[in-house]
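To start, the structure itself, in C-alpha cells.
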Amino acid sequence: MDGNAPDFAAASRAALADPQLRGNFRRAMDGLMTKRAAQFPDAGEWHGVRALAAAVRLRALSKLPELLETLEENCTRNGITVHWAATTEEANAIALDILHKANAKLVVKGKSMVTEEMHLNAVLEKDGIEVLESDLGEYIVQLDGTMPAHIIMPAIHLNTKQIAHLFKRKIKDAESREDAAYLTDLARRVLRAKFQAADVGMSGVNAAVAETGTLCLIENEGNGRMCTTVPPVHIAFMGLEKVVEKLEDVPPVISLLPRSATGQPITTYVNMISGPRKDGEKDGPREVHLVILDNGRSSIYADPELRDTLRCIRCGACMNHCPVYTKVGGHAYEAPYPGPIGKILVPQIEGLEKRGAMPHACTMCNACVEICPVKIPIVEIMGRLRVEAVKPGGAVKDGGAKASRKESMVWSGWAAMNASPTAYRLATMAMSRLGNAAPSSLPMLKEWTNVRTKPRFAGRTLHDLARAKGIPDV
Amino acid sequence: MSTIPKPHRVYYFGTCLVDLFFPDAGMAGIELLQSQGLTVVFPQGQSCCGQPAYNSGYRADALKVARAQLDLFPGDDPIVVPSGSCAGMMKKHWPDLFRGEPDEAKAVQVAGRVWELTQFLVHVLDVRLTDQGEPVRVTWHASCHAQREMGVVEEPKALLRQLANVELVELKREKECCGFGGTFAVRHPEISAAMVGDKVADIEDTGAARVVSGDCGCLLNIGGALEAGAKAAHGQHIAQFLKERIHGR
Amino acid sequence: MSDARNSILTRLRATRDAHPPTPPASDFAPIEAKQWAAEERLPRIRRLMEAVHTEFLDATKADWPQVLREFLAREGVGSLLYAPGTEAGKQLVEGGERGPIPTLIPYDRPLEDLKPQLFETIEAGLTTTRGAIAETGSLILWPTAEEPRTLSLIPHIHIALLRTDALYDTFLQAMREQGWAQAMPTNALLVSGPSKTADIEQTLAYGVHGPKRLVVLVIHQ
Ligand code: SF4
C-alpha cells in the first residue's frame, strides 16, 4: 500500500475498539432503519414511486449533455452565472475568484458534499477567508476539527455529552449542559450573527431543473435558506449529474429522499431558487452563481455499467442500512462519501491505486441495494470495481493497481481444481482427510479463528455420501 | 412467487461448502426431496458455482468453474440447491457471467431452472411436515443472498412453523448480515468479528437452543462464533433440522 | 473556464452516444394516485404539521386579523413584520381598531436596511400562502416583491395564512395546476413546520436557524 493511501483496515480497527462510537452508531442506525421502514407501509407505493424516481434519474442521465446545456441556458436567462469546473482545483479557483471580486471576508455555508470533495474550507481558510459551516451537524464537526461521519447526519458519531463538552470548550459563555435544546439554541445564537454579517453564502444542490433553471435544496434547519437568501452573494455547487429534465421530475425525488434518509415524510423546507433578486424585490442575493463540477464524473459516465453510480440522490440510506458502516462508522473510510455509495463512488473519483481496498470493505449483503430509492445496483458495481482493481488498463482510474501475481495464481489454481471433476475429487478427498490437521496459525485461518472455531472438514464429502447411498449420478 | 408443476425428477447441486463441511445437511436435503416421491439426481462431476472468484474480481476463473458445471444438468428438470447464496449465483449471476460467451444460451437455460431448497419445498412441493421431535426453541438466520437474490424470506419460517413442537423466535435484526461475506471474513477479520458478535448477541437474546439457517457460509461463521464463545445455542442447516424433526430425533 | 465546459460536454456526448441508454418510461401514476377527499385534506395537513410542532388557528375571511391580534396578544408578541403591498397586509392594517395592537412593521425597504431589526428585534412575520399539500402537510410559499422571502425565515415566529380553497393532494398536482413550470418566481418554497434539527444525537429540537414557531392561520372559506 502506498504511503498516502488511506488504510481502511487500520482505521476500522480503531473505530471498533471504541465502544462509545460503536454504541452511538448502532443506536442511531437502528433508529433510522426503523423510521425509514415506517415511511413505506405500502409496498405498492414504494415500488411505484421508486421505479419513477429511478426512471427520472435515468432519463436525466440519458440526456445529460443536452440537459446541462439547457440548464445553463435557463439559469443564465434567469440571471444565474454558470461556471464549469473539470477538477476540484478549478472549482476552488472559481470560488476564490468570486469571493475576491465580492471582497468577501466571511462565508456561511449550507450542507454541500461537493465542497467536501473540493476541500473548499481549507482552501478558503488558507486565503484568509473565514468560513463557517451552518448546518448544525456540520458546524459541530467543523468545531471539532474532523470530517462529517455521514452525508446526511455529519455529527452522528457524537452523543449529546460529547457535543456539550465541545461547545463548552469552543463557544464563549457556553454553559456545560447536556441538553439538545440548549445546545441547539446556543448554536442558533452564534450562527444568526454570522448569517447577518456574511458576505457570501454557499450551498449544495439536491436537484437542478433544466427546464426552468431552478436549483432545489432541501433541509430542515433553515440554514440553507439563510445562506441562499441573506448574504449578497450566493454560490451553489453541484456535481454535473444532479440535473433533472423537468420541474415535474422533482416531486418523485423529493418524495423519496427524506423518507429514505431520515424517515420523515418531507423536510421542513423545500427551497427552489430560480435567480438572484430581481428589480423591485426587497431581499435575496444580488448575485447567484452555479458551479458545475466534473471531478471524474464524466469518466464514470463513459462506462455504461458504472454510469449507474451517477443516479445517486445522496440520501444516505445505504449507509444507514450497511452492516459494515454500522460497525465502523463514517470516519474509518477517510473519504467524503462513506458507506456503500462511498465504496463505489470514491474509488472511481480518486482511482484504484489509492482506493482499491474500498470495494472490498463489503460483504455484498445487498441491504443497500434493497433500499436505494433510485435502484442503483451498488453491489454489482462493487463487483465490477473488484474486477477493475486487478485488471490493468480498464475503465477506471488506476485499473489493475491491486493486481498481484500471488493472488491471481491462487485463483487460477482454485479454478483448475474446481473445473476438473478428477482434480476436485482428489483435492476434496485430501482436504477431508487432512484438512483438520491444518494449524490455526495459517494465514486466513488465523484471522478466522480469532473469534470462531476452525471449520471442521467432515471426513466424507457429500459426493462420497451420495455415492454410498446410491443416489443416481445422471 | 411463480411456481412450476411438481416434477418427478430433480437435480441436486450440493455446493462446495456443503460438500466439505456439511455433507449430512446435503444428504438431508436429498432425503427430504426423496420423501416427497422425487427421484433426485446428484451429478458426481459437480464442484462449485464459481462465486468465490466471481466476487473477488477474478471473473475468468469463475467462468471456467461455472462452465464445468453446465453439462451436468441436461434436460428441463429443476436444479435444487441447499444454499441461497449459491442458488443466487447460478440464477442471477451466471447470465451475466456468460454474457457474450458461446454457451450463454445454455447458461441462461440452466440458471432459469435453479431453486433454493426451501423455496422448492414450499412452492413446488407444498410439503406438509409432521413434527416427531421434543419441544425446542429455535431462531432463524436469513442469509443475505437467500433473501435478496432469491427472495427467500417467509418460506423457511413457514416450514419451521409447521413443526408443532418447535417454537420459532425471530431475531431482532433478522435481515442483518452475519459478517461472513466470503473473503470479507478474512480480509476484514475485525469487522467481521464485530458483525458476528452482534449476531451472536441477538441469538442469545432469543433464548433459542439452535439457530437454523439455509446457508453454510453463515453457518460456518455463526456456528463457529457460538462454539468459540461457548454459547448454549448451536447452528444447524435447515435441511438437517427438518429431517431430524420428521424422523423424531 | 469555458475550456472545461466544452471538454466536459464533448466527452459526455461522445461516451453517451457510444453507449446510448434507453431509460424506462416515467410513469407518474403512483404519485397521481395519491388522492384525498376534499374534506380530508385539511385534517390531514393539520395532523402532519402538528406532528412537527406547527400550531393552527381557525378564522374566517372577515375575522382573521382579529384572530391574529388576539393570538399575538395572548402570546405576548410585541412586533409583527408584514407585507404592506398585499391584500392581506392591507386587511391587517384596516382591521386595526378592533383589538389589542402589536407594533406592525411594514416590510417596505430592502433587506439591507432592515437587517438589524429583522435579526434582533422583530418577533413575528406574516405571509400568505399559495395553498397547501395534503400528502406531506406542506405550505406553498410564493414570495414576491411585495412579500419578501425573509418574512418567513428570520423572525422567530412565522404566521402563514392558509385559504381552505387551495388545498392540493400532492406537490406534483399543485405544480401542475398552478402552472409552475411556466413561471417560477425567484424563490418558491414548501414549508412543513418550524425549523428543526436532529443533529444532536437524533434528538429533535425546534428552532435551530429559521423560525422557532410556525403558526398556520386557516381562513375557512
Ligand atoms: S446510493 Fe442510493 S441509497 Fe445510497 S445515497 Fe445514493 S441514492 Fe441513497
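Below, each value reflects all heavy atoms present in this structure, side chains not excepted, and no hydrogens, waters or symmetry copies. Within every chain, numbering begins at 1; the chains are lettered A, B, ... in the order of the sequence lines, protein sequences first and strands thereafter. Quick caveat: nothing in here was measured; it's all calculated off a predicted structure.
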Heavy-atom proximity to chain A below 4.5 Å, by part of [X]:
X: B/Ser143; result: neither
X: B/Val200; result: neither
X: B/Tyr12; result: side chain
X: B/Pro74; result: neither
X: B/Gln46; result: both

What part of A/Lys446 is in contact with chain B, defined as an atom under 4.5 angstrom from a non-hydrogen atom: side chain, backbone, both or neither?
neither
Bottom line for A/Phe457: the part with an atom under 4.5 Å from chain B's heavy atoms is both
Should B/Tyr58 and A/Glu407 be marked as a side-chain contact (heavy atoms from CB on, under 4.5 Å) after you check the CA-CA gap, both sets of side-chain angles, and the distance that decides it?
CA-CA 10 Å; B/Tyr58 292 87; A/Glu407 204 180 278; 2.9 Å; yes
What residue, out of A/Val379, A/Val328, A/Val474, has the most heavy-atom pairs lying under 4.5 Å from chain B?
A/Val474
Minimum heavy-atom distance between A/Lys469 and B/Glu31, given as atom pair plus value
NZ-OE2, 3.7 Å
Applying salt bridge (Lys or Arg N to Asp or Glu O under 4.0 Å), run through B/Glu190 and A/Arg22 and close with a yes or a no.
CA-CA 13 Å; B/Glu190 290 89 355; A/Arg22 274 187 68 183; over 6 Å; no
Short side-chain donor-acceptor distance under 3.5 Å, B/Asn55 and A/Arg386:
no
For A/Asn418 and B/Lys64, run side-chain contact (heavy atoms from CB on, under 4.5 Å): C-alpha distance rounded to whole Å, both residues' side-chain angles, the deciding distance at 0.1 Å, then the answer.
CA-CA 8 Å; A/Asn418 281 286; B/Lys64 209 163 144 190; over 6 Å; no
